[in-house]
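Reminder, nothing fancy here: chain letters follow the sequence lines and each chain counts from 1.
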Number of protein chains: 2
Amino acid sequence: MRLSKKTEYALKALIYAARHPEGTTFQIKELAERNGIPKKFLELILLELKNAGIVHSRRGVGGGYLLARRPEAVRSSEIIEAIEGPLAPARVPKARGTRGLGEEPSPAVSRLVRESSEAIGSVLDRWTLADLAREEQEAAERRQRNLMYFI
Amino acid sequence: MRLSKKTEYALKALIYAARHPEGTTFQIKELAERNGIPKKFLELILLELKNAGIVHSRRGVGGGYLLARRPEAVRSSEIIEAIEGPLAPARVPKARGTRGLGEEPSPAVSRLVRESSEAIGSVLDRWTLADLAREEQEAAERRQRNLMYFI
DNA sequence: ATAAACCCCATTGTATATGTAGGGATTGTG
DNA sequence: CACAATCCCTACATATACAATGGGGTTTAT
């Protein structure tokens, strides 16, 4: 299971969004700086998340982004599919070298891929953005507590 | 869940191997032709599978490859890891654009990736090469039965 | 000696991933 | 109305990984 940088940024951005006060907008600029994400790249990502109906945007002065739904209603599978496309590709890409020969997909391999995809899907369907934000929050608190020992 | 062409070829090759008479060698040439796999590419793949201890080889006239173990003892996770490397990478690759800034991995994202990897892992550990070969066999038989209606 | 087979490394072409650049459109505020 | 803040969009550039391909070298049965 490998996440592209782009998807990782998308997840970070949405976790940031979920921890932002509800109903208020946040700005690309600050989000990019605070999370070490290239600003222009992040613009692309938020645009895709907007087109996927996960965030809304407001333009102009005082504008920015906000979640389109409550974090409990955003499954992580949605986020990942918005960026990377469907988890289980309908059709495997064709090879180039051996056009038209015996390149039928193996039923056994297809089955294996299908079962794996379903396993990932069920994990990603179960984790909502609210869960991720809580996890992040708790990790931050643990770090905080550990620091206290050094004061 | 996306398999590289290389991994797909490896699985096909090993399914072929599992269906080959036990203890006898099979040759790259025929395997490549019958499965539409580029011969030279398949050489690399079988070499890697040999180094991973999944197949053995014999050189010279009458040589070839054979499974190093019985198909029941080869987990599909082994095969995939032999070709693609560890399922759960210890460390995510670094971004280029933002060296040294806030590029810490998010604990929440790490957790999500870990849980997904474990879910895939448990599926791939469960499926052995024997299962895959049987699945392939049964699919072939179904196809055969369907053809009979047209005679 | 010869041919059949595996062994090994270097190179190449293509696609995908990861950004960058430049400007356009919208909107609140003075 | 001017202006600045903000999102919106397209095109381009570069790096890396993927998918082979090429050219030989080594081992071994006959």
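Counting only heavy atoms from C-beta outward, the side chains of B/Tyr65 and B/His56 never approach each other to under 4.5 Å.
Atom CZ in B/Arg2 sits roughly 10 Å away from atom C1' in C/dA15 (whole-Å rounding). Taking atom CZ of residue A/Phe41 and atom C1' of nucleotide D/dA15, one finds them 13 Å apart after rounding to whole Å. Following rounding to the nearest Å, A/Leu3 (CG) and C/dT16 (P) show an atom-to-atom distance of 19 Å. Atom CG in A/Leu42 sits about 16 Å away from atom C1' in D/dC9, given to the nearest Å. Distance, A/Ile83 CD1 to C/dT16 P: 17 Å, rounded to whole Å. For A/Leu31 and D/dT6, the CG to P distance is 13 Å, given to the nearest whole Å. The CG atom of A/Leu66 sits 13 Å away from the C1' atom of D/dT6 (whole-angstrom rounding). Separating the CD atom of A/Glu33 from the P atom of D/dT6 is a distance of 11 Å, rounded to the nearest angstrom.
If you run side-chain hydrogen bond (donor to acceptor under 3.5 Å, both in side chains) between B/Glu141 and each of B/Gln137, B/Gln144, B/Arg145, only B/Gln137 comes through.
Counted within 6.0 Å of CZ on A/Arg58, heavy atoms from surrounding residues, nucleotides or ligands total 12 or fewer; the atom is thus considered open. Around CZ of A/Arg69, the count of heavy atoms belonging to other residues, nucleotides or ligands within 6.0 Å exceeds 12.
For the 3.5 Å distance criterion, the side chains of A/Asp125 and A/Ser122 fail to qualify, holding no donor opposite an acceptor.
For C/dT18, the OP1/OP2 oxygens have a side-chain nitrogen or oxygen of A/Ser4 closer than 4.0 Å. Note on A/Tyr9: a side-chain N or O is less than 4.0 Å away from OP1 or OP2 of C/dG19.
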Pair A/Thr7, A/Glu84 - check side chain to side chain donor-acceptor pair (under 3.5 Å), show working.
CA-CA 7 Å; A/Thr7 304; A/Glu84 307 204 328; 2.8 Å; yes

Reading nucleotides 5-10 of chain C from 5' to 3' and marking B where a protein heavy atom lies under 4.0 Å of the base, S where only the sugar-phosphate is that close, and - otherwise, the string is SBBBB-

